[in-house]
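What follows is a single structure, written as structure tokens, with notes after it.
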Amino acid sequence: MNMIIMGPPGAGKGTAAESIRAAYGLAHISTGDLLRAAVKAGTELGLKASVYMDAGKLVPDDVVIGLVEKRLGEADAANGFMLDGFPRTIPQAKALSEMLDRIGRKLDVVINLKVDDDVIIRRIAGRLICPSCGTIYNAYMNMPADGLCKCGGRPARRKDDEPEAVKTRLVAYKAQSEPLIGWYRERGLLAEVESSGTPVEVFAKISDVLSKHSGAGKW
Ligand code: AMP
């Protein structure tokens, strides 16, 4: 099973993706995580990308496409993958389609998480991420009383979750990524899921879609 999970910033993609990965054993390929790892490692690519990321702007297509192609070639992606945060633009979707043709793979389903702007803003305002292990918390909903992650790290707000960067990301999403919904609908791959409930409720709806697409829920 090869899939994409998409939706605006704050739609709960990261949380849903982790549940899907754990339940279905797909390689979780998050371009945001790949880019943040490159930034943390201080590679040349990371330094280049951080300028765009800190401003809430999209990193140039060629950089991201190269990262995804390399990651798709890794062993754990052979039995199925879930792309998260990619493609973000129509040129990236075209590049993905060409890349998959080249390696003899195909997409089975694209899940689009739908959520209202006011819910997005509320979720992002409280979102904190542990810099050590990447666990996502919400300051208003599931924060440990001592403010520390289960791994001992201190969860903090991502630079691109600052209010100004969030506004820029929402504008960029609407302009560049919403056309992808139409693109995948036309290709018969789109499944829309309302992402307004708790993580458990959202995952139940996603599992429902995946089981319909996979027949028995296995692939
Ligand atoms: P995310 O964790 O998916 O919200 O991504 C964080 C940031 O990484 C984005 O705001 C972009 O700056 C960059 N990024 C992630 N994926 C892509 C992509 N497919 N194309 C361009 N930039 C990306």
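Just follow the structure's listing: the first ligand is 1, and inside any ligand the first atom is 1.
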Using a 3.5 Å distance criterion without hydrogens, assess whether the side chain of S97 forms a donor-acceptor pair with backbone atoms of A93.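 Not confirmed, S97 side chain does not pair with A93 backbone.
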Verify, without hydrogens or angle tests, whether R154 (side chain) and P131 (backbone) share a donor-acceptor contact under 3.5 angstrom.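 Answer holds: no.
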Would the number of heavy atoms belonging to other residues, nucleotides or ligands and lying under 6.0 Å from NZ of K205 be above 12?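 Check passes, neighbour count above 12.
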Sequence neighbours excluded and cut-off under 3.5 Å, please list the side-chain donor-acceptor pairs for residues 142-149, or say none.
| from | atom 1 | to | atom 2 | distance (Å) |
| --- | --- | --- | --- | --- |
| N142 | OD1 | N138 | N | 2.5 |
| D146 | OD1 | L148 | N | 2.9 |

Residue list, side chain to side chain contact (heavy atoms under 4.5 Å, CB included) with K167, at least two apart or on another chain: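 Here the qualifying residues are E164.
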Which residues pass the side chain to side chain donor-acceptor pair (under 3.5 Å) test with R123, not counting sequence neighbours?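 Testing R123 for side chain to side chain donor-acceptor pair (under 3.5 Å), a comparison that skips the adjacent residues, returns none.
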Quick one, list the residues around ligand 1 where some non-hydrogen atom comes in under 4.0 Å, by chain and residue number.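 Ligand 1 pocket, heavy atoms under 4.0 Å: T31, G32, L35, R36, M53, K57, L58, V59, V64, G85, F86, R88, Q92, R158, D160, R169.
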